[in-house]
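What follows is a short report on a single structure.
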Amino acid sequence: QDDRWTRYVSGDALAALKENLSEHSVTGESFTGTISFSHLRAYPDPTTAGAVDVSECFDNSGSRNTRLATGKIITDRIPADQHYYRNTDVMARKNGQWNVVSVYPVVYYPQAQECKP
């Protein structure tokens, strides 16, 4: 319910993230276990002048989703390789601070080879 993060997002990315965060998997679920981030890197965005791409690998293979109301584990129906992916946010300066201005489509393993341990 905290929306302070919205001051760091602008443009089409803001509406998309708000929509994503309103989904039941966010509002009605939690998790137990470990979610790992690795291979964090920043580099110039190839299409937006002055912008920086920030990418990282995400691995939630060591976690289990739970129902927020009960804490019970939800059966995992996600294909195994979709527990490993690379996420890339496009960051640009706006009013003196960095903002997420775009988010590239997620790249799953095996295309994101570096993301699977």
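- Here the OG1-CG distance, from T47 to D53, works out to 7.5 Å after rounding to the nearest 0.5 Å.
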Task: Test log, rule side-chain contact (heavy atoms from CB on, under 4.5 Å), inputs L14 and W5 - done: CA-CA 10 Å; L14 180 58; W5 62 271; 4.0 Å; yes
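- In the displayed structure, E19 atom CD is contacted under 6.0 Å by at most 12 heavy atoms of other residues, nucleotides or ligands.
- Here salt bridge (Lys or Arg N to Asp or Glu O under 4.0 Å) pairs that include residues 108-117, with residues two or more places apart or in two chains, are D81-K116, R86-E114.
- Of all non-hydrogen atoms in P46 and Y104, the two that sit nearest each other are CD-OH, 4.3 Å.
- The two atoms that bring N87 and D89 nearest to each other are ND2-OD1, 3.4 Å, heavy atoms only.
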Task: Intermediate values then yes/no, side-chain contact (heavy atoms from CB on, under 4.5 Å), D45 and V52 - done: CA-CA 5 Å; D45 183 79; V52 174; over 6 Å; no
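- Atom OG of S55 sits about 4.0 Å away from atom OH of Y43, to the nearest 0.5 Å.
- Around the CG atom of D12, the shell of radius 6.0 Å holds no more than 12 heavy atoms that belong to other residues, nucleotides or ligands.
- Taking each heavy atom of Y84 and P117 in turn, the nearest pair found is CE2-CD, 3.5 Å.
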Side chains of residues 31-40: which donor-acceptor partners sit under 3.5 Å, not counting sequence neighbours?
none

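- Annotation: the span from S30 atom OG to I74 atom CD1 amounts to 9.5 Å, rounded to 0.5 Å.
- Across all non-hydrogen atoms, the minimal contact from S102 to A13 is N-CB, 3.9 Å.
- Here the CD-CZ distance, from Q97 to R7, works out to 8.0 Å after rounding to the nearest 0.5 Å.
- Heavy-atom neighbours of R93 CZ from other residues, nucleotides or ligands within 6.0 Å: above the threshold of 12.
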TODO: For the pair M91 and V100, evaluate side-chain contact (heavy atoms from CB on, under 4.5 Å) and give the outcome as yes or no after the intermediate values.
DONE: CA-CA 5 Å; M91 310 289 293; V100 177; 3.5 Å; yes
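- Under the 4.5 Å side-chain contact rule for hydrophobic residues, L68 and I73 do not share a cluster.
- If you take CG on N20 and NZ on K18, they are separated by 13.5 Å, rounding to the nearest 0.5 Å.
- Listed for the Q113 side chain is a donor-acceptor partner under 3.5 Å among the backbone atoms of P110.
- Cluster membership check: V9 does not share its hydrophobic cluster with V106, using side-chain heavy-atom separations under 4.5 Å among Ile, Leu, Val, Met, Phe, Trp and Tyr.
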Open item on the list: Test side-chain contact (heavy atoms from CB on, under 4.5 Å) on K94 and V101; report intermediate values, then the result.
Closed with: CA-CA 9 Å; K94 180 179 179 186; V101 296; over 6 Å; no
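- Taken to the nearest 0.5 Å, the OH atom of Y85 stands 4.0 Å off from the CZ atom of F58.
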